[in-house]
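Below: one structure, written as structure tokens.
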Amino acid sequence: MSVKPSLPKGTRDMLPETMLRREYILDILKKVFKKYGFAPIETPAMENVETLTGKYGEEGDKLIYKIRSNKSLRDKLSDKKKVALDEIYDFWLPQKSEMALRYDLTVPFARFVVQNQNDIHFPFKRYQIQPVWRADRPQKGRFREFYQCDADAVGSDSLLLELDFVRIYQEAFASLKVPVQIKINNRKVLAGIAETLGISDRLTDFTVALDKLDKVGLEGVKAELEKKGFDQKVQDGIGRIAGLKGSAKEILKAVEEMISGSETGKKGVEELRFVLENCDPEAPLAIDLTLARGLDYYTGAIFEVVAPDVNLGSVGGGGRYDDLTAIFGMKGLSGIGISFGLDRIYLVMEELGLFPDVEAEGTEVLFINFGDQEGLFSLKLANELRDLQVKAEVYPDSSKLRKQMDFANKKNIPYVVLIGSEEMKSGQFTVKHMHSGEQHSLSRIELLQHFTENASSDYGRH
RNA sequence: GUGGUUGUAGCUCAGUUGGUUAGAGCGCCUGAUUGUGGUUCAGGAGGUCGUGGGUUCGAGACCCAUCUUCCACCCCA
């Protein structure tokens, strides 16, 4: 009996063409990460649930994919009890959930740092490119399985790292030719504002509402605050922040005055000022006081990258977390990191037509298979070409010529070599150029020369 | 989690107010052409109409449930 093929909601297959494009993006990201001193690591797809829960805020926790244990509690009961239980419940699913799929790469990384602290050197800088899973409802640019490309540094609270990360964003997106805006804010500033308004205990509710400013407008934000029980004073405060205009310098000055009573807030303003003053003046970096970011663990700078030309969520995000490792028992270790959303970057690049031609990466020459002897003979010649870095393959079966030629066409292979019994005897092999239809009879040496000297430059012009 | 939307051949889609045997294009297979492809021509295979119920003499079409697709909200990469 056959099963209708289908995929779990929010997951996708990746075809070769897609993968080649994804690898194009990944190659650029890896190159940039390495250039700034980050080394690769990986962590398991699953973690113990306790590792993940409580780190992502209320909403985030709901989206963590729990893995049900195979061991059902029911199985541990005696038959008599099972019967009794089945009478009460139609179905039985209270398996203990011991593991969960990773929700992001940052929290597993914090766990990794603590657990492997004896084998790494601080400040530790790693990059990590792996899928993460979220039990979200899929929509445009949103999947249940998607790749994050993270770079993080732990073990230093130096603001030089903030500058590095801004530049990494700038450089990576410039290499990809994706126009972006990098938004920056600072949790300390948000905390300072909350402190000034006397609502420090409700920072998250406050920032979540503030974050929606550009979407629902000032009145919308005020309405949400009202609904959540914030008084008029808070709503007025938001109004003042929303009303701030001018250069980054002027905005910072105004905020500084507004929250002058908060030491934390002042520190945040200083940090923001440092980053803005010392980064590349050409960097597409802009201060955005409404930027909040939902993840609970951020404590300092926070970043978000958007592609203004495409109506999609953010393509990147990150920030500083002063004590994420503390929950795993290692205190006083500040970290900072950023993430690139591979799948969204792909969608943006696709929409903007930014992918280079990926065809040229395919096979350069296909050997037609005329039979067992001929196929084996061809394979040896193909191997000689492979040793010379020429992408070559032999059609594995001695199928009809039509089918083999068709295969070459479909895969966009520019050359085929035909070696039948005649050619084997004479040592003169037929090389055919598929686009022009031209064919020549070449000796082994001539053939090797042809593909090492001409083929790559030849290809692409037709 | 809330609201909407979608599902018919491998793919993209037609299918009238419910009415005989569900169609097209592309793709696939075979042949014209036993060792020369793209074009052309002739023929062929392929469908539990997402799934399960229901209404009806009769359902691809109507109703309910469920899964899936896409979109918006929430939130996020």
Side-chain angles (χ1 to χ4, degrees), chain A residues 1-12 15 25 29 56-64 102-106 129-150 180 204 207-209 211-212 215-216 220 224 291-296 303-307 310-318 337-348 366 368-371 374 395 398-424 429-439 462:
Chain A
M1 203 175 98
S2 75
V3 180
K4 191 178 182 182
S6 69
L7 238 31
K9 188 198 279 252
T11 64
R12 303 152 297 154
L15 270 53
I25 299 172
L29 293 183
Y56 305 110
E58 216 178 301
E59 289 295 323
D61 277 4
K62 281 189 220 158
L63 301 177
I64 295 173
R102 73 167 98 77
Y103 176 91
D104 73 353
L105 301 179
T106 310
I129 297 171
Q130 288 189 276
V132 302
W133 294 269
R134 296 184 187 177
D136 236 351
R137 284 268 278 264
Q139 56 177 288
K140 190 176 185 186
R142 170 174 302 186
F143 310 98
R144 286 190 161 180
E145 178 185 60
F146 61 97
Y147 269 70
Q148 289 196 327
C149 315
D150 277 31
V180 292
T204 304
T207 53
V208 165
D211 194 40
K212 288 175 195 156
K215 207 163 194 174
V216 299
E224 175 158 348
L291 177 63
R293 298 195 57 73
L295 301 175
D296 273 0
F303 303 105
E304 186 160 292
V305 185
V306 292
V310 180
N311 182 26
L312 210 68
S314 54
V315 293
I338 57 172
S339 184
F340 291 79
L342 173 62
D343 305 79
R344 285 189 178 172
I345 293 170
Y346 184 99
L347 289 174
V348 167
L366 175 77
I368 300 293
N369 186 330
F370 284 104
E374 295 90 335
Y395 198 88
S398 53
S399 310
K400 290 212 159 104
L401 251 201
R402 180 196 186 95
K403 192 168 175 144
Q404 298 192 45
M405 302 290 268
D406 227 38
F407 178 80
N409 280 331
K410 296 252 170 62
K411 273 188 81 170
N412 240 306
I413 299 172
Y415 289 96
V416 295
V417 174
L418 299 99
I419 304 177
S421 49
E422 290 300 311
E423 285 88 345
M424 271 177 75
F429 313 125
T430 308
V431 178
K432 179 176 179 117
H433 187 252
M434 292 301 276
H435 293 285
S436 65
E438 263 178 62
Q439 54 185 62
H462 299 275

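Chain identifiers are assigned alphabetically (A, B, ...) following the order of the sequence lines, protein sequences preceding nucleic acid strands; residue numbering begins at 1 within each chain.
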Margin query: Measuring from the side chain of Arg134(A) (C-beta onward, heavy atoms only), which nucleotide among rU68(B), rC74(B), rC76(B) has the closest atom?
Written below: rC76(B)
Next item on the list: Decide yes or no, distance alone: a donor-acceptor N/O pair under 3.5 angstrom between the base of rU2(B) and the side-chain of Arg137(A).
Entry: yes
Check: Which is it for Phe340(A) and Val315(A) under the side-chain contact (heavy atoms from CB on, under 4.5 Å) test, yes or no, and what are the steps along the way?
Finding: CA-CA 6 Å; Phe340(A) 291 79; Val315(A) 293; over 6 Å; no
Next item on the list: Scan Glu304(A) against the nucleic acid and name what it touches under 4.0 Å (heavy atoms): base, sugar-phosphate only, or nothing.
Entry: nothing
Next item on the list: Under 4.0 Å between any heavy atoms, over every strand shown, what does Ser314(A) touch: base, sugar-phosphate, or nothing? Just pick one.
Entry: sugar-phosphate
Check: Any luck finding a side-chain donor-acceptor pair between Ser339(A) and Asp150(A) under 3.5 Å?
Finding: yes
Notebook entry, point to check: Considering only heavy atoms and no angle criterion, is a donor-acceptor pair shorter than 3.5 Å present between the side chain of Lys432(A) and the base of rU36(B)?
Noted result: yes
Notebook entry, point to check: What is the distance from atom CD of Glu145(A) to atom CG of Asp343(A), rounded to the nearest 0.5 Å?
Noted result: 8.5 Å
Next item on the list: Measure the CG-OH distance between Leu105(A) and Tyr147(A) for me, rounded to the nearest 0.5 Å.
Entry: 10.5 Å
Notebook entry, point to check: If you measure from the P atom in rU8(B) to the same atom in rA14(B), how many Å do you get, rounded?
Noted result: 10 Å
Margin query: What contact category does Glu422(A) fall into here, base, sugar-phosphate, or nothing, at under 4.0 angstrom with non-hydrogen atoms?
Written below: base
Checklist line | Short side-chain N/O contact to rC28(B) OP1/OP2 from Lys403(A), under 4.0 Å | finding: no
Notebook entry, point to check: Does Gln139(A) make a side-chain N or O approach to OP1 or OP2 of rC70(B) shorter than 4.0 Å?
Noted result: no
Next item on the list: Assess Arg344(A) against Phe146(A): is NZ or CZ under 6.0 Å from the centre of the six-membered ring, and within 45 degrees of the ring's axis?
Entry: no
Margin query: If I take atom CD in residue Glu59(A) and atom P in nucleotide rU2(B), what distance separates them, rounded to the nearest angstrom?
Written below: 13 Å
Checklist line | Check: Glu423(A)/Thr430(A) side-chain N/O donor and acceptor closer than 3.5 Å | finding: yes
Item checked: Proximity to the side chain of Ser421(A) - top-ranked nucleotide from rG35(B), rA77(B), rC75(B) -> rG35(B)
Margin query: Check the phosphate of rG38(B) against Arg402(A), side-chain N and O only, distance under 4.0 Å to OP1 or OP2. Yes or no?
Written below: yes
Next item on the list: Let me know the distance between CG of Asp61(A) and C1' of rC76(B), rounded to the nearest Å.
Entry: 14 Å
Next item on the list: Using heavy atoms to find the nearest nucleotide of RNA chain B for Lys215(A) and Leu418(A) separately, return the residue whose nucleotide is more 5′.
Entry: Leu418(A)
Check: Separation of Leu312(A) atom CG from rC70(B) atom P, in whole Å?
Finding: 13 Å
Margin query: Between C1' on rU68(B) and CZ on Arg144(A), what's the gap in Å once rounded to a whole number?
Written below: 11 Å
Next item on the list: Name the closest nucleotide to the Asn409(A) side chain, picking from rG37(B), rA72(B), rC76(B).
Entry: rG37(B)
Checklist line | Whole-Å distance separating the CD atom of Glu58(A) from the P atom of rC76(B) | finding: 12 Å
Note to self: Between rG35(B) and rG43(B), how far apart are the two P atoms, rounded to whole Å?
What the structure shows: 23 Å
Margin query: Under 3.5 Å, is there any donor-acceptor pair linking the side chain of Glu423(A) to the base of rG35(B)?
Written below: yes
Notebook entry, point to check: Out of rC74(B), rA77(B), rU68(B), which nucleotide sits closest to the side chain of Lys212(A)?
Noted result: rC74(B)
Notebook entry, point to check: Reckon Gly10(A) touches a base, only the sugar-phosphate, or nothing at all at heavy-atom distances under 4.0 Å?
Noted result: sugar-phosphate
Checklist line | Test item: Arg144(A) and Lys9(A) side chains (from C-beta on) under 4.5 Å apart, heavy atoms | finding: yes
Check: What about Arg344(A), does its side chain sit under 3.5 Å from the base of rC76(B) through a donor-acceptor pair?
Finding: yes
Notebook entry, point to check: OP1 or OP2 of rU36(B) sitting under 4.0 Å from any side-chain N/O of Lys400(A)?
Noted result: no
Check: With a non-hydrogen cut-off below 4.0 angstrom, is Leu342(A) in contact with a base, only sugar-phosphate, or nothing?
Finding: nothing
Checklist line | Between C1' of rG37(B) and CG of Leu401(A), the distance in whole Å | finding: 9 Å
Next item on the list: Indicate, with a heavy-atom threshold strictly under 4.0 Å, whether Gly60(A) touches base, sugar-phosphate, or nothing.
Entry: nothing
Next item on the list: Take the protein atom CG of Asn412(A) and the nucleotide atom C1' of rG37(B), then report the distance between them rounded to whole Å.
Entry: 13 Å
Next item on the list: Using the P atoms only, state how far rU33(B) lies from rG37(B), rounded to an integer number of Å.
Entry: 11 Å
Notebook entry, point to check: Using the P atom in both, what is the distance from rU6(B) to rA22(B), to the nearest Å?
Noted result: 25 Å
Notebook entry, point to check: Checking all strands, does Gly420(A) fall into the base, sugar-phosphate, or nothing category for heavy-atom contacts under 4.0 angstrom?
Noted result: base
Notebook entry, point to check: With pairs taken as Watson-Crick or G-U wobble and both distances under 3.5 angstrom, which stems of at least three consecutive pairs involve RNA chain B?
Noted result: B:1-4 with B:70-73, B:10-13 with B:23-26, B:28-32 with B:40-44, B:50-54 with B:62-66
Margin query: Run the side-chain contact (heavy atoms from CB on, under 4.5 Å) test on Tyr103(A) and Trp133(A) for me, step by step, so that the C-alpha distance in whole Å, both residues' side-chain angles and the decisive distance to 0.1 Å come before the verdict.
Written below: CA-CA 5 Å; Tyr103(A) 176 91; Trp133(A) 294 269; over 6 Å; no
Next item on the list: With C1' as the reference atom in both, quote the distance from rA24(B) to rG46(B) in angstrom, rounded to an integer.
Entry: 15 Å
Notebook entry, point to check: When you measure from the side chain of Phe143(A), which nucleotide among rC71(B), rG35(B), rA77(B) comes out closest?
Noted result: rA77(B)
Note to self: Is it the case that rG37(B) (base atoms only) and Asp406(A) (side chain only) share a donor and an acceptor within less than 3.5 Å, ignoring hydrogens and angles?
What the structure shows: no
Item checked: Nearest-angstrom distance, P atom, rG38(B) to rG15(B) -> 35 Å
Item checked: Separation of the P atoms in rG7(B) and rC70(B), to the nearest angstrom -> 14 Å
Check: Side chains of Leu347(A) and Leu312(A): does their closest heavy-atom pair fall under 4.5 Å?
Finding: yes
Margin query: In whole Å, measure the gap between the P atoms of rC49(B) and rU21(B) for me.
Written below: 14 Å
Check: With the threshold set at 4.0 Å, does a side-chain nitrogen-carboxylate oxygen contact exist between Glu224(A) and Lys212(A)?
Finding: yes
Check: Asp211(A) has an atom CG; how far is it from atom P of rC75(B), in whole Å?
Finding: 8 Å
Notebook entry, point to check: If you measure from the Lys or Arg side-chain nitrogens to the Asp or Glu carboxylate oxygens, is any gap between Asp406(A) and Lys410(A) under 4.0 Å?
Noted result: yes
Note to self: Tell me whether Phe146(A) and rA77(B) count as stacked here, given that the ring centres must be under 5.5 Å apart and the planes must differ by less than 30 degrees.
What the structure shows: yes
